[in-house]
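All values below come from the heavy atoms of this structure, side chains included, with hydrogens, waters and symmetry mates left out. Just so it is clear: chains get the letters A, B, ... in the order the sequence lines come, proteins before strands, and each one is counted from 1.
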Amino acid sequence: MLPNIDVRLRNMVKAVQEVIAPAIREDEKLAQEQARLVIGQLGMLQEQWKNAVRYEAGSYRLIRELAETLTEFVETGQVAVLQQALGETAETDQLDIDALNAGICTIGDAIDKVILGDDGKLPLSREAWHAIFDYGEKDALRSRVWFQGNGIDPDRGDLPPLEEVI
Amino acid sequence: MADPWDRKAIDPRQDVILERTLVSRAKGAYRARTGDEIAAMLARYFDHLDYGNPVVSDVRRMSGGASKEQFIFNLAHSGVAEPEKLILRMDPPEGIAQTCRGREAQLQNAMIGTLPVAPVRHVDMDGEIMDQPGSILEFVSGVTEPSDSDAHGVSGMGSRFDDWAPKLAPQFVDAFVKIHAFDWQSADLSLFARPQPGTNEAPLWELNNWAKLWWNALVEPVPIITLCERWLRENMPTCDKVVIVHSDLRIGNFMFEEPSGKFTAILDWELGHLGDFHEDIAWTLMRLFGNWDDDGRFLVSGLLPREEFLAQYQELSGNVVDPKLLHYYEVLNAYKCASMDMGQALRAAEEHTNHQEQVLTWLGSAGGVFLRQITMLLREEI
């Protein structure tokens, strides 16, 4: 495509840095902060956009795997809830980021129901807890790697490359 | 003991705020008001309060904070020879947290004489005159991060204190000690429900507040957050001693003067409530609010190592930190942060109901840090 997305993002950063930010009055603190955040967000988008669909597809696969695993450790009625969500999302287009997100939400809603177990009336086995921990560790790591450009994570120096977790 | 799954057990005023959030959200996108609009609103407000000949000038937006709109302005009126410098702190329809300006004002004013705080002069907690809930505070000078530092954070996170830490750390610990020793029963805290000591009311009300915020805001399900809620309900402790909990005393929420380093104000009392002191201690220990020094030590709120912080707090307060309770509140606080960052903040950003949605999505992108923390803390238990 001409012009390509990287060029346009870089142009936007340059425009904010060299034209917009210097034009903001010294006493306009909020506007200054917003300009800095625009530069920061565009910087993160530059790093992310080429892998965004792959990242969301990875999130979809992970939550789907968790739902499948949980079917082995929960009661019959809860298995049905999970299987219905898995069935509804089985044909999700892996190249459509909105469809992937919708699939994540459908499966996630079913998992939430299982975890809450009718507000604690249904037990949650130790195996189920640990399956969710395993998922949670992977999910948290992926999220921290994906958003490390925000500079907030105090342990970002220990993070692996994106390719290892995507 | 209350049923830990009773979701209706919640501080009544806080519940009003959460219900009001849904009404505000339904009204659609929010456009931040201009300085001229704010000046006109303030003139109307001070006129309503019977200030003689009020004239509002030099209205300027302030940065900082992740949820409230803040403006600095001058107010001239017949009662003063020189214009007064004041702060307007106002609620957009939605922010990272949904809180009550009236409760905040009660806590802040109760602390006058105990800790440095900005006195709250007026409150319109339901926006009856201002059209949005807001409060008027007296101006206090100071900085939240050293002005000679290159490290600037969002809402304080990412700031560094370096050589300032020895001056600031003792005052930081002292603030916790004074808050937790405060005789709140004699103060006007009429907007706060009072949990009974020896029951689970304090943690239950707090959990229900954040769980309701999460479920009302839900953008995308996050299994570990739901699992965390279950654990918090199934392991809920009692609170034997009820104290004021600031709830957000950390890097970015205290102001000091340069070059002395003397504290000029403890900021952001909006999350304050009555509860267990462990909740405050656990909050400030959160990894997101700390950073590493050049010697490789992780510093609580960028000021001092965890063990030093805990030792000094216990020595000065006489309160004994119970590791089991501290752990519970570390989990609850990680849950709160996740509920704010990955729920309420992102919902407000999606609905365009805030004045600085970029800050909300920026903070929301830190959600993975809390998910990691929750998983690590809970794995120790199961």
Item checked: Per-residue contact mode, B:Gln373 against chain A (heavy atom under 4.5 angstrom) -> neither
Margin query: Can you tell me which of A:Cys105, A:Gly157, A:Gly136, A:Gly149 forms the most heavy-atom pairs within a distance under 4.5 Å of chain B?
Written below: A:Cys105
Notebook entry, point to check: Is it true that A:Trp129 and A:Phe73 have ring centroids separated by less than 6.0 Å?
Noted result: no
Note to self: At a heavy-atom distance under 4.5 Å, which candidate from A:Ile107, A:Asp153, A:Asp139, A:Leu116 has the highest pair count against chain B?
What the structure shows: A:Leu116
Checklist line | Which atoms of A:Ile132 approach chain B - backbone, side chain, both or neither, heavy atom under 4.5 Å | finding: both
Next item on the list: Measure distances from A:Phe133 to the heavy atoms of chain B and classify the residue's part below 4.5 Å as side chain, backbone, both or neither.
Entry: both
Next item on the list: Could you tell me how the ring of B:Phe289 sits relative to the ring of B:Trp283: parallel (under 30°), tilted (30 to 60°) or perpendicular (over 60°)?
Entry: tilted
Check: So which of A:His130, A:Lys121, A:Met44, A:Gln41 has the largest heavy-atom pair count under 4.5 angstrom toward chain B?
Finding: A:Gln41
Note to self: Only pairs of heavy atoms separated by less than 4.5 Å count here; which of B:Arg61, B:Arg233, B:Met376, B:Glu229 has the most with chain A?
What the structure shows: B:Arg61
Notebook entry, point to check: Can you tell which of A:Leu66, A:Ile104, A:Asp155 has the highest number of heavy-atom pairs within less than 4.5 Å of chain B?
Noted result: A:Asp155
Notebook entry, point to check: Are A:Asp27 and A:Arg25 close enough, and set up right, to give a salt bridge (charged side-chain N to carboxylate O under 4.0 Å, His left out), and what steps lead you there?
Noted result: CA-CA 5 Å; A:Asp27 61 354; A:Arg25 281 196 344 235; 3.0 Å; yes
Checklist line | Validation row: B:Val56, B:Ile38 side chains within 4.5 angstrom (heavy atoms) | finding: no
Next item on the list: Would you mind reporting whether A:Ser143 and A:Tyr55 have side-chain heavy atoms less than 4.5 Å apart?
Entry: yes
Check: By a 4.5 Å heavy-atom criterion (distance strictly below it), what part of A:Asp118 contacts chain B: side chain, backbone, both, or neither?
Finding: neither
Item checked: Under 4.5 Å from a heavy atom of chain A, the part of B:Arg372 involved -> both
Checklist line | From A:Glu72 atom CD to A:Leu82 atom CG, the distance as rounded to the nearest 0.5 Å | finding: 11.5 Å
Checklist line | Face-on cation placement of B:Arg287 at B:Phe298 ring, 6.0 Å and 45° thresholds | finding: yes
Item checked: When A:Arg142, A:Arg144, A:Lys29, A:Gln32 are compared by non-hydrogen pairs under 4.5 Å with chain B, the top option -> A:Arg144
Notebook entry, point to check: With a 4.0 Å cut-off, would you call B:Arg379 and A:Glu137 a salt bridge?
Noted result: yes
Item checked: Side-chain heavy atoms of B:Asp58 within contact of B:Phe73, under 4.5 Å -> no
Next item on the list: Heavy-atom pairs under 4.5 Å with chain B are the metric here; pick the option from A:Val114, A:Asp112, A:Val145 that has the most.
Entry: A:Asp112
Next item on the list: Name the member of B:Val369, B:Val219, B:Leu371, B:Leu227 that forms the most heavy-atom pairs with chain A at distances under 4.5 Å.
Entry: B:Leu227
Note to self: Taking side chain as everything from C-beta outward and backbone as N, CA, C, O, which of these in A:Leu141 sits under 4.5 Å from a heavy atom of chain B? Side chain, backbone, both or neither.
What the structure shows: neither
